[in-house]
Number of protein chains: 2
Amino acid sequence: MPSATVENYLKCILMLSMECDHGEVPMGLIANSLGVTSGTATSMMKSLQKEKWLKYKSRKGVTLTSSGKKLGMRMIRRHRLLETFLVETLGLDWSEIHDEAEVLEHAISEKVLERLDVFLGNPRHDPHGHPIPTKAGIIRKSPQKTLLDCDIGKKMKVVSIFDQSTEFLNFAKKKGLMPGNMIKAISRDNLADTIELQIEKTPKFSLGLTSAEKILVSG
Amino acid sequence: MPSATVENYLKCILMLSMECDHGEVPMGLIANSLGVTSGTATSMMKSLQKEKWLKYKSRKGVTLTSSGKKLGMRMIRRHRLLETFLVETLGLDWSEIHDEAEVLEHAISEKVLERLDVFLGNPRHDPHGHPIPTKAGIIRKSPQKTLLDCDIGKKMKVVSIFDQSTEFLNFAKKKGLMPGNMIKAISRDNLADTIELQIEKTPKFSLGLTSAEKILVSG
DNA sequence: ATCACAACTTTGATTGGTCAAAGTATAGCG
DNA sequence: CGCTATACTTTGACCAATCAAAGTTGTGAT
Ligand SMILES: [Mn+2]
Ligand SMILES: [Mn+2]
Ligand SMILES: [Mn+2]
Ligand SMILES: [Mn+2]
């Protein structure tokens, strides 16, 4: 019933509302992350409000209704289960699956999705380490920090990678920054804005702080 | 690049041109089998001609160009490989896969499709017995007749089922009319318009001629 | 040869999604 | 407190895909 466009908007708004919690999600963020002009976003928000997916406050932003959240969450589940299928079953690389899933998520029925979930053995995380919401729309989020504010000198486990771009994912894989891998922050240099890392017995390397921010770790 | 709508039109036109060979495919058939009004079909044909997918002759019909045929064939391949995946891997019933594939065929990339083909072991036929075109767009069609004009008294193998409707497929399965099964036509009654069949050792049953036409057999 | 009617085309309208450009509100600086 | 820069909204336009209804054509029955 909701179009692919509506599905994309709601998934995007839900993700924005989760990652940077300002009660309302402002127009600018939405337009920006969907790559549309702000006028388009505004007019879309009005029609999404008319269809009861969200509440729109002019010049403030939007908040999802419970059906909006539910649909957004369903889209995240679809996206991440599909990504898992593409890597686990078909053997694609984790750097090429995001865009594929972005399209497939709108084409797969609830029935096929649940079969896929069973076929994959009810995975809890996608290939980038992101939690897969349950059918009921619940995310089991593990405690995590970014490499920016992790403890120096302690062993930690890589939980997930925030950036979905092919280039960054290829880079991360080459460096061994993949979910599950153990890692140690050797030192942080606040003047150079870098953090020095070591993975297992491989050589040390350092990361700028904007890159470090994209790596989530635990423990 | 071509929209899902364009893909549907071209697949449909290719299938019509293959099954009932009148050089040109008339508007009426197209509009009818896509469930749009004839005006819509006419205007769509003009724009498809503009984009070089086909040749349109007013009040005659359309013929696909070679790129039109190629795209149409690619869509048939996608559709049938997806149907095979849905049955073989996810365990759906052959009566529920057509509509799912009708949507997924527009969302799956060439790369994922070829991985799927390998994963499935390069199947030659979909669950309804229809041949899957090769990547190069070639259909290996086995010699076949409908149950309407088969030989009476001879053992034959069911090749494929033409009708994609849930109800007919459920019926066919119940009767044992599935690709690969052996079958014998006991008699034909031209007054009653029926044909009497027997499958292995199960009881005889008869089929009206419109139903018989939907079953393709060989040998 | 005529003509009715089925098959087709044209016309004018609608809907969803989009943009560019012009207009407006407001947070926060001075 | 007033003003400006930034974020947002409005307006008017466009495109793809569709329909309903009115108009046209060509075939085949008489
Ligand atoms: Mn998407
Ligand atoms: Mn992911
Ligand atoms: Mn389709
Ligand atoms: Mn089929």
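Throughout, protein chains are lettered first and strands after them, A, B, ... in sequence-line order, and every chain is numbered starting at 1.
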- Evaluation steps, side-chain hydrogen bond (donor to acceptor under 3.5 Å, both in side chains), between A/E24 and A/T63: CA-CA 5 Å; A/E24 276 117 0; A/T63 43; 5.5 Å; no
Which of these nucleotides, [options], is closest to any side-chain atom of [X]?
| X | options | result |
| --- | --- | --- |
| A/T5 | D/dG23, C/dG17, C/dT24 | C/dG17 |
| A/P26 | C/dG17, D/dC19, D/dC8 | D/dC8 |
| B/R59 | C/dG17, C/dA7, D/dA17 | C/dA7 |

- Passing candidate, side chain to side chain donor-acceptor pair (under 3.5 Å) with B/E110, options B/R78, B/R115, B/K135: B/R78
Could you tell me how far apart [X] ([atom1]) and [N] ([atom2]) are, to the nearest whole angstrom?
| X | N | atom1 | atom2 | answer |
| --- | --- | --- | --- | --- |
| B/M45 | D/dT18 | CE | P | 10 Å |
| A/L34 | C/dG17 | CG | P | 12 Å |
| A/M27 | C/dT26 | CE | P | 14 Å |
| A/K50 | C/dT15 | NZ | P | 11 Å |
| A/Y9 | C/dG16 | OH | C1' | 11 Å |
| A/L48 | C/dG16 | CG | C1' | 12 Å |
| A/H106 | C/dG16 | NE2 | P | 18 Å |
| A/N8 | C/dG17 | CG | P | 11 Å |

With a non-hydrogen cut-off below 4.0 angstrom, is [X] in contact with a base, only sugar-phosphate, or nothing?
| X | result |
| --- | --- |
| B/G39 | base |
| B/G35 | sugar-phosphate |
| B/S43 | base |

- Message: Under 4.0 Å from OP1 or OP2 of C/dT18: is there any side-chain N or O of A/T37 that close?
- Response: no
- Query: Can you find a side chain N or O atom of A/T40 that sits less than 4.0 Å from OP1 or OP2 on C/dG17?
  - Reply: no
- B/H98-B/H79 aromatic ring centre distance below 6.0 Å: yes
- Task: Indicate the ring-plane relationship of A/F119 and B/F119, choosing parallel, tilted or perpendicular according to the 30° and 60° boundaries.
- Result: perpendicular
